[in-house]
Amino acid sequence: MVSRSMNVRTRFAPSPTGYLHVGGARTALYCWLEARHHGGQFILRVEDSDRERSTDAAIEAILDGMRWLGLDYDEGPFYQTRRLDRYRQVAEDLLAAGKAYRCYCSRERLDNLRKTAMSRGQKPRYDGHCRTRNEPAPGISPVIRFRNPDHGTVVFHDQVKGRIEWANDELDDLIIFRSDGFPTYNFAVVVDDLDMAVSEVIRGDDHVNNTPRQINIYQALGATVPSFAHLPMILDKEGHKLSKRNNAVGVMEYREAGFLPHALLNYLVRLGWSHGDQEVFSRQQMIDFFTITDVNKAASRFDMSKLAWLNQHYLKQDDPASLAPELTWHLQRTGMDVSQGPDPEAVVVALRDRVHTLKEMAERARIWYAPIAEWDEKAIRKHLCNATAGNVLQTALRSFASLPDWNPDAIKAIINTIAHEQELGMGKVAQPLRVAMTGGGVSPSIEHTVYLVGRDEAIRRIEEALSRR
RNA sequence: GCUCCCUUCGUCUAGCGGUCCAGGACGCUGCCCUCUCAAGGCGGAAACACGAGUUCGAUUCUCGUAGGGAGCACCA
């Protein structure tokens with residue numbers, strides 16, 4: 001067996017049966033943070049030993065998700081299906097040492113065992129029929145079972161849950177090798193974690209029940225047991241398990257919905273973990289402050305509005321230049337021709353106080369990249385069809401046409417002048433212009449709205465607005 | 001059914017025996033600011049599941065109850 005160093009080594013071990021979902025992403029994040037915090041290694045391992053359900057597309061989807069989130073790994077990805085010889089060898093060793101045995105029991109016998117145990121109010125467990133017998137049965141290719149200790153208890157100190165104790169007589173002789181020649185999960189993880197010298201096993205708390213069994217296997221192999229940290233689940237808004245039906249669960253769906261990877265990461269890191277009252281964490285701060293022992297024991301609910309708040313926080317905080325490429329991606333996805341409008345960077349600045357996601361931003365930016373699609377009749381009646389709007393628009397039209405320098409400040413100056421000279425409040429000047437520029441009554445500050453429309457188009461739109469009065 | 005785990009405002013959480021008639025954040029809400037929508041500023045409502053112990057003193061420790069979750073596969 002490989003000897004373990006004091007070095008912190010964590011691993012994220014998804015099974016490739018679907019995309020990377022938010023629960024998995026948080027597990028990956030915590031594994032990554034724990035490794036980075038201690039200057040150790042983060043390993044990616046694909047648990048594809050169930051070749052019925054594993055697909056290459058799922059592997060790609062998971063890798064994509066990790067890449068988007070920026071969770072880089074130091075080793076891997078390793079694949080269990082390429083390590084079959086190794087599992088066989090370890091199983092043979094166990095067999096030779098008498099710590100495992102071949103079992104020829106039929107599925108029918110096993111089913112009956114389960115049923116009678118349940119009917120007697122007991123936990124279904126294997127009765128050890130083949131422990132001593134070991135007689136080949138015709139037509140049955142045997143499985144290999146681990147000989148679990150009969151007495152005593154297994155105690156471990158979970159870094160999240162605390163002390164957990166398990167009676168060995170609750171455990172039965174689990175199958176470590178299937179009749180089809182493939183290892184089972186509980187066996188493969190142990191061999192993998194051992195070979196990869198994983199020092200901290202961090203995973204979802206749906207695995208706590210497996211841990212005592214795995215510890216017994218470690219001990220049978222004469223290996224040091226790693227430390228365990230079992231993370232509570234992430235529930236949906238209603239407190240139910242996250243499901244694809246009612247929730248966006250795939251990490252890449254969040255990209256499509258207009259979220260920033262670091263906003264998602266920041267949201268996820270605070271979901272079940274805290275560092276005093278701090279809400280906003282840079283990547284480096286997460287690494288500096290993260291400690292697995294501060295993770296909460298209880299499940300938590302996924303709250304979209306808080307994620308949205310964080311996302312907007314980063315939209316406001318980040319360098320617009322860094323946001324521009326991602327906005328462009330969204331603009332193109334909504335069918336906008338980016339070459340037909342302003343620099344996306346300027347759009348970010350104009351809209352980031354007004355939206356929560358880049359998707360929303362792209363939608364709202366439509367007014368600058370495409371002709372006005374529809375005119376809001378109510379807004380026209382209110383802001384265009386009044387006594388003063390006509391004159392305001394006429395004046396603006398002339399002033400814009402002769403403006404030497406087309407920029408927000410100059411535009412703002414013109415608007416101020418119009419208000420002053422015509423003795424009107426800002427509302428009487430800005431709103432008619434806004435309707436002319438956008439077809440509706442809502443947009444960013446009027447000077448930016450006008451500026452981003454561009455001089456020629458602004459003039460054209462004012463003319464059109466005039467004709468619609 | 002059996003085993004294990006969990007339980008502070010609607011939500012995420014701080015709290016690690018007295019500092020708590022419980023703090024922060026999101027959300028909700030009042031006011032201010034204001035060219036619309038936002039953003040921002042200043043306020044507000046809002047929680048220790050319940051019951052016994054231990055203790056001079058429990059949100060904090062122990063045990064029950066209730067509620068929730070997970071696992072009990074030749075799935076991971």
Side-chain angles (χ1 to χ4, degrees), chain A residues 13-17 47-50 52-54 80 103 105 107 110-111 114 117-125 141-145 158 160-162 164-167 170-172 174-186 188-189 203-212 230 232-233 235 237 239-241 267 270-280 296-310 312 316 351-356 364 379 383 412 415 419 424-435 438 440-447 449:
Chain A
S15 61
T17 54
E47 308 219 319
D48 57 349
S49 68
D50 179 3
E52 298 274 300
R53 301 196 302 156
S54 301
Q80 290 187 320
C103 170
C105 288
R107 303 209 187 211
L110 263 21
D111 284 344
R114 230 190 313 277
M118 289 283 255
S119 70
R120 283 203 307 245
Q122 289 168 339
K123 190 170 177 170
R125 56 197 300 278
S141 47
V143 299
I144 301 175
R145 284 184 187 273
D158 193 279
V160 171
K161 306 269 180 187
I164 293 177
E165 179 171 357
W166 222 282
E170 287 294 330
L171 272 23
D172 64 352
L174 76 157
I175 293 172
I176 58 175
F177 246 84
R178 306 189 274 210
S179 53
D180 66 2
F182 281 79
T184 58
Y185 166 76
N186 279 302
V189 258
R203 77 232 299 196
D205 72 1
D206 47 337
H207 289 285
V208 270
N209 309 272
N210 291 322
T211 307
H230 288 98
M233 312 213 78
L235 276 17
K237 203 172 176 0
H240 303 126
K241 202 169 173 175
Y267 178 71
R270 275 290 282 110
L271 196 61
W273 174 83
S274 62
H275 179 71
D277 286 338
Q278 188 170 343
E279 295 288 350
V280 176
N296 279 164
K297 296 176 176 184
S300 42
R301 302 183 189 204
F302 197 92
D303 180 11
M304 264 303 181
S305 58
K306 187 157 184 184
L307 205 212
W309 170 76
L310 266 170
Q312 187 185 43
K316 292 189 294 188
L351 282 170
R352 60 176 167 183
D353 284 343
R354 298 171 163 77
V355 297
H356 290 100
R364 304 261 305 251
H383 301 297
K412 176 76 179 172
I415 292 168
L424 295 168
M426 260 319 242
K428 288 284 185 198
V429 182
Q431 283 307 86
L433 262 176
R434 186 165 349 251
V435 175
T438 68
V442 178
S443 83
S445 67
I446 191 61
E447 66 271 24
T449 302

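Chain naming here is simple, since letters A, B, ... match the order of the sequence lines and numbering starts at 1 in each.
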request  = Just call it for A/Q312: base, sugar-phosphate, or nothing, with non-hydrogen atoms closer than 4.0 Å on any strand.
outcome  = sugar-phosphate
Is any N or O donor-acceptor pair between the side chain of [X] and the base of [N] shorter than 3.5 Å?
X: A/E279; N: B/G24; answer: yes
X: A/T184; N: B/C74; answer: no
X: A/D206; N: B/G71; answer: no
X: A/R114; N: B/C72; answer: no

Is there a side-chain polar atom (N or O) of [X] under 4.0 Å from OP1 or OP2 of [N]?
X: A/K297; N: B/C6; answer: yes
X: A/N296; N: B/A14; answer: yes
X: A/K316; N: B/G40; answer: yes

query = Does NZ belonging to A/K161 count more than 12 external heavy atoms closer than 6.0 Å?
reply = yes
inquiry  = Which nucleotide, if any, forms a Watson-Crick or G-U wobble pair with B/G40, using both distances under 3.5 Å?
reply    = B/C32
ask   = From B/G24, B/C35, B/A39, pick the nucleotide closest to the side chain of A/I446?
value = B/C35
task = Hey, which sits more toward the 5' end of RNA chain B by its nearest nucleotide, A/L235 or A/R352?
result = A/R352
message = Using the C1' atom as the point on both nucleotides, what is the distance between B/U55 and B/U29, in whole Å?
response = 42 Å
